[in-house]
Every structure is written in C-alpha cells, then in structure tokens.
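Below, each value reflects all heavy atoms present in this structure, side chains not excepted, and no hydrogens, waters or symmetry copies. The sequence lines fix the lettering, A, B, ..., with proteins before strands; numbering per chain opens at 1. Every value quoted in this text rests on a predicted model; they were computed, and no experiment measured them.
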Amino acid sequence: AQKITQTQPGMFVQEKEAVTLDCTYDTSDPSYGLFWYKQPSSGEMIFLIYQGSYDQQNATEGRYSLNFQKARKSANLVISASQLGDSAMYFCAMRDRDNFNKFYFGSGTKLNVKP
Amino acid sequence: DAGVTQSPTHLIKTRGQQVTLRCSPKSGHDTVSWYQQALGQGPQFIFQYYEEEERQRGNFPDRFSGHQFPNYSSELNVNALLLGDSALYLCASSLRQGIHEQYFGPGTRLTVT
C-alpha cells in the first residue's frame with residue numbers, strides 16, 4: 001500500500017531563513033511520483049514541486065527544492081529565504097501507481113513564518 | 001484562463017439532509033477527482049470521474065455519489081448527512097493522460113449540525 005507520513009504537525013521559522021519540512025513515503029512500486037502542495041487558510045491546494053522516482057536530480061522550483069533520498073524513502077521540502085506569505089499548511093503527496101490522477105496525502109505540516 | 005471553480009463556498013446542513021456540491025474543471029481538463037479533507041488532516045480520495053463515468057472510488061460509503069456532465073463539470077452528492085461528514089470538499093481536475101500535478105479548486109466547506 002502507498003502511504004505518506006509527515007511527522008511535524010507544526011513548524012516555526014524566522015523570516016528570510018530556510019526551513020525543511022519532512023516527508024517519508026512507503027511504496028513497493030519502483031516507479032512513483034511525489035508532490036508538495038501548499039494550502040493557505042483560503043483552502044485551495046497550490047502545487048509547488050514534483051519529483052519522479054527516476055529523476056536523476058533533485059527537483060527545484062524557485063525558492064522550493066526537494067531533498068530526495070530514495071534509499072531512505074524521504075522527500076523533504078526545503079524552502080529558502082522564507083517569507084511571511086509562506087505561512088500555510090504544506091502537504092506531501094504520492095501519485096497512485098495505477099491511476100496518475102489519484103493522490104495519497106500526508107497529514108500536513110503547519111508552517112508559521114515569524115517576522 | 002479560469003482555474004478550477006467550486007460552489008458553494010460554504011454550506012450548513014443538518015443531520016439526515018442531502019447536499020450537492022459542484023465543480024467546474026480547469027479549461028481543457030477532462031478528469032475530475034473529489035477529495036474530503038477533515039479538519040487537521042490531509043485530503044482523502046473519494047472518487048474520480050472521466051467520460052461521465054465513475055472510474056475509481058476510495059473508501060467511502062454509497063451515501064457519497066457523483067456525476068460528470070458532458071462539459072466535464074461534476075457534482076458530488078452526499079445523502080443522509082452525518083456529523084462526521086463535516087469537512088472541506090476539494091475538487092481537482094487534470095488530464096486523463098496527464099502525468100503531473102492536479103489543479104485544485106478552493107473547496108466547499110460543509111458543516112453538518
């Protein structure tokens with residue numbers, strides 16, 4: 001079965017500093033896709049970054065990067081130079097092995113950026 | 001280019017009632033998935049529609065049903081509402097052959113009293 005685990009219910013970071021949000025996953029499929037979404041208080045899930053299991057390099061999108069450690073089954077999100085607008089819930093997700101449009105989500109991490 | 005839209009934004013119902021939530025996918029998308037997000041939890045997959053048929057279903061009772069229209073928009077119906085159905089209901093759209101991210105709507109906040 002595919003499963004996502006996020007063990008940090010809440011995190012604090014000082015503005016302009018970097019922060020790492022943890023995500024571990026469980027799957028027996030050699031091919032999989034991992035995603036990070038941001039959910040502000042408004043509720044909409046905003047796509048941040050994607051990592052494929054066969055990608056040779058860690059994914060990066062602007063201030064977001066993914067620290068992908070395949071052997072440890074971890075896909076941590078790194079946000080550099082935190083901004084006040086980064087305060088939100090962050091969810092790690094994995095795509096279903098047979099249905100690319102079905103996602104499994106973790107329980108999320110609430111990030112608070114302090115001025 | 002309009003993204004995924006959902007209506008209504010908020011809804012309050014009483015136990016035993018029925019509710020219908022609506023979703024319009026992002027332009028060009030043909031697949032709609034519905035998720036339930038209880039307070040403090042991650043979204044849980046309810047079901048998915050493609051070509052006007054339910055293609056896959058998560059672990060939700062038959063009280064949850066849906067429909068997809070020829071224009072790809074979709075409805076989620078919940079019958080005999082329970083207090084535990086209170087949640088944020090998210091609609092996500094994508095391309096059936098897509099391999100990357102789904103686009104999510106802002107959600108409908110359902111409160112059952």
Within 6.0 angstrom of K70(A) NZ, more than 12 heavy atoms from elsewhere: yes

Heavy-atom neighbours of L82(B) CG exceed 12 at 6.0 Å: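 Yes, the 6.0 Å shell around CG holds more than 12 heavy atoms from other groups.
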
Heavy-atom contact with chain A under 4.5 Å, split by part of Q41(B):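 It is the backbone, since no side chain atom gets that close.
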
Q6(B) portion near chain A, given a 4.5 angstrom heavy-atom threshold: neither

Side-chain heavy atoms nearer than 4.5 Å, only ILVMFWY residues, links allowed to pass through others: does that put [X] and [Y] together?
| X | Y | answer |
| --- | --- | --- |
| L111(A) | L77(A) | yes |
| V19(B) | L39(B) | no |
| F47(A) | V4(B) | no |
| L83(B) | V78(B) | yes |
| L90(B) | F64(B) | no |

Any Q102(B) side-chain heavy atom under 4.5 Å of M45(A) side chain: no

Side chain proximity check, F103(A) to P43(B), heavy atoms < 4.5 angstrom: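 No; the side chains remain at least 4.5 Å from each other.
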
side-chain contact (heavy atoms from CB on, under 4.5 Å) assessment of K102(A) paired with T31(B): CA-CA 11 Å; K102(A) 176 182 177 181; T31(B) 299; over 6 Å; no

Stepwise side-chain contact (heavy atoms from CB on, under 4.5 Å) test for F45(B) and F105(A): CA-CA 9 Å; F45(B) 178 81; F105(A) 286 85; over 6 Å; no

Audit row: E44(A), Y103(B), side-chain contact (heavy atoms from CB on, under 4.5 Å) steps and yes/no: CA-CA 9 Å; E44(A) 185 173 355; Y103(B) 291 83; over 6 Å; no

Validation row, ring centre F104(B) to ring centre Y37(A) under 6.0 Å: yes

Proximity breakdown for Q6(A) and chain B, heavy-atom pairs closer than 4.5 Å: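 Neither the backbone nor the side chain of Q6(A) comes within 4.5 Å of chain B.
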
Under 3.5 Å side-chain donor-acceptor pair for S94(B) and N101(A): yes

